[in-house]
Amino acid sequence: MRSTRAVRLLATTVAVAASALCIAVPQAQAAAAATPDCYGTCVLGVRAATHPTFDRFVIDLGEGPIPAWTTTTQTTPLTCCGDETNEHVVPITGQQYLKIKLAKATGFDFANSKAVYTSPDYFTYNFPSLKGQGRTGTTDPEAHEFNIGLALGDHSSYRISKLTAPNRIVVDINR
């Protein structure tokens, strides 16, 4: 009688394990298919806050290497999207503008054909030094870059740094 129970218990255990394997394999395949491919690091979104002596702008990134960045400043309004004949002005205003270009990063998942960047393309802030942010480039699979600009008010300087866990690029704008 004990051996019959042991055989039934073993058969039930094997059946449950086999059933779990059949369910787990498709879920694992679906998870692998959902892994984003941004032709570099994924740019997930942006956020900002004000502090007593500075304003902070954060670019949230996905896993992988933190992309290299370059910056330029200008006093003319930011433009976006296209060549010189069809660009439009990004609807944010400031006394000057900081353009940030991230190399080997995009806000688009090319493997799954969907955007991973979830923040607005532009946004206005009422902070002492940071007045707004706006995308200054389109998704180009050949460029492998993400472009964003900041509208600045009165400020003395800015500093850009990278932080991990989670990955992000931080811009501190001093007053």
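Hydrogens, waters and symmetry mates are skipped; everything else that's a heavy atom, side chains included, is used. Keep in mind it's a predicted model, so treat the numbers as computed, not measured.
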**Q** So do Leu44 and Leu61 actually touch side chain to side chain, heavy atoms under 4.5 Å?
**A** no
**Q** With side-chain contact (heavy atoms from CB on, under 4.5 Å) as the criterion, how do His88 and Cys81 come out once you've worked through the C-alpha distance, each side chain's angles and the decisive distance to 0.1 Å?
**A** CA-CA 7 Å; His88 65 273; Cys81 312; 4.1 Å; yes
**Q** Within the 3.5 Å criterion, strictly below it, is a donor on Tyr158 or Thr71 matched to an acceptor on the partner's side chain?
**A** yes
**Q** Within the structure provided, determine whether Trp69 and Pro67 are in side-chain contact (heavy-atom separation under 4.5 Å).
**A** no
**Q** Please check this pair: side chain of Asp109 against backbone of Asp37, looking for a donor-acceptor N/O pair closer than 3.5 Å.
**A** yes
**Q** Rounded to the nearest 0.5 Å, how far does CD1 of Ile148 lie from SG of Cys80?
**A** 10.5 Å
**Q** Determine, using the 4.5 Å side-chain heavy-atom cutoff (strictly less than), whether Ile173 and Tyr97 are members of one ILVMFWY cluster.
**A** no
**Q** Please say yes or no: joined through hydrophobic side-chain contacts below 4.5 Å, possibly via intermediate residues, are Leu152 and Phe123 part of one cluster?
**A** yes
**Q** Do Ile66 and Val43 belong to the same hydrophobic cluster, where Ile, Leu, Val, Met, Phe, Trp and Tyr are linked whenever their side-chain heavy atoms lie under 4.5 Å apart, directly or via other members?
**A** yes
**Q** I need the Asp121 CG to Ile92 CD1 distance, nearest 0.5 Å.
**A** 11.5 Å
**Q** How far apart are the closest heavy atoms of Arg175 and His51, and which atoms are they?
**A** NH2-O, 2.7 Å
**Q** Indicate if Val58 and Val116 have the same hydrophobic cluster label, given that clusters are the connected sets of ILVMFWY residues with side-chain heavy-atom separations under 4.5 angstrom.
**A** no
**Q** Which pair of non-hydrogen atoms, one from Thr106 and one from Phe110, has the smallest distance, and what is that distance?
**A** OG1-CE1, 3.7 Å
**Q** In Å and rounded to the nearest 0.5 Å, what is the CD to OH distance from Glu142 to Tyr39?
**A** 9.5 Å
**Q** Hey, what do you get for NE2 (His144) to OG1 (Thr41), rounding to the nearest 0.5 Å?
**A** 12.5 Å
**Q** Distance check, rounded to the nearest 0.5 Å: Asn126 atom CG versus Lys131 atom NZ?
**A** 6.0 Å
**Q** Give me the one residue out of Thr138, Thr136, Leu102, Ile100 that meets side-chain contact (heavy atoms from CB on, under 4.5 Å) with Asn147.
**A** Thr136
**Q** Any chain of hydrophobic side-chain contacts (each under 4.5 Å) joining Leu150 to Phe146?
**A** yes
**Q** Closest approach of Phe108 and Ser113, non-hydrogen atoms and distance?
**A** CZ-C, 3.5 Å
**Q** Give me each pair satisfying salt bridge (charged side-chain N to carboxylate O under 4.0 Å, His left out) with a member in residues 146-166, each pair once, sequence neighbours excluded.
**A** Arg159-Asp172
**Q** Taking distance alone, no hydrogens or angles, what donor-acceptor pairs closer than 3.5 Å link side-chain atoms of residues 164-171 to residues at least two apart or in another chain?
**A**
from	atom 1	to	atom 2	distance (Å)
Asn167	ND2	Gly62	O	3.2
Asn167	ND2	Gly64	O	2.9
Arg168	NH1	Thr164	O	3.4
Arg168	NH1	Pro166	O	2.5

**Q** Taking all heavy atoms of Val46 and all of Ser119, pick out the closest pair and write down the distance.
**A** N-OG, 2.8 Å
**Q** For the residue pair Gly153 and Gln95, what are the closest heavy atoms and their distance?
**A** C-OE1, 3.7 Å
**Q** Does Glu145 form a side-chain contact (heavy atoms from CB on, under 4.5 Å) with Thr70? I'd like the steps, not just the answer.
**A** CA-CA 11 Å; Glu145 63 187 36; Thr70 58; over 6 Å; no
**Q** Tell me the closest heavy-atom pair linking Tyr117 and Arg135, and the distance in Å.
**A** CD2-NH1, 3.4 Å
**Q** In Å, rounded to the nearest 0.5 Å, how long is the span from CD of Gln133 to CZ of Arg47?
**A** 13.0 Å
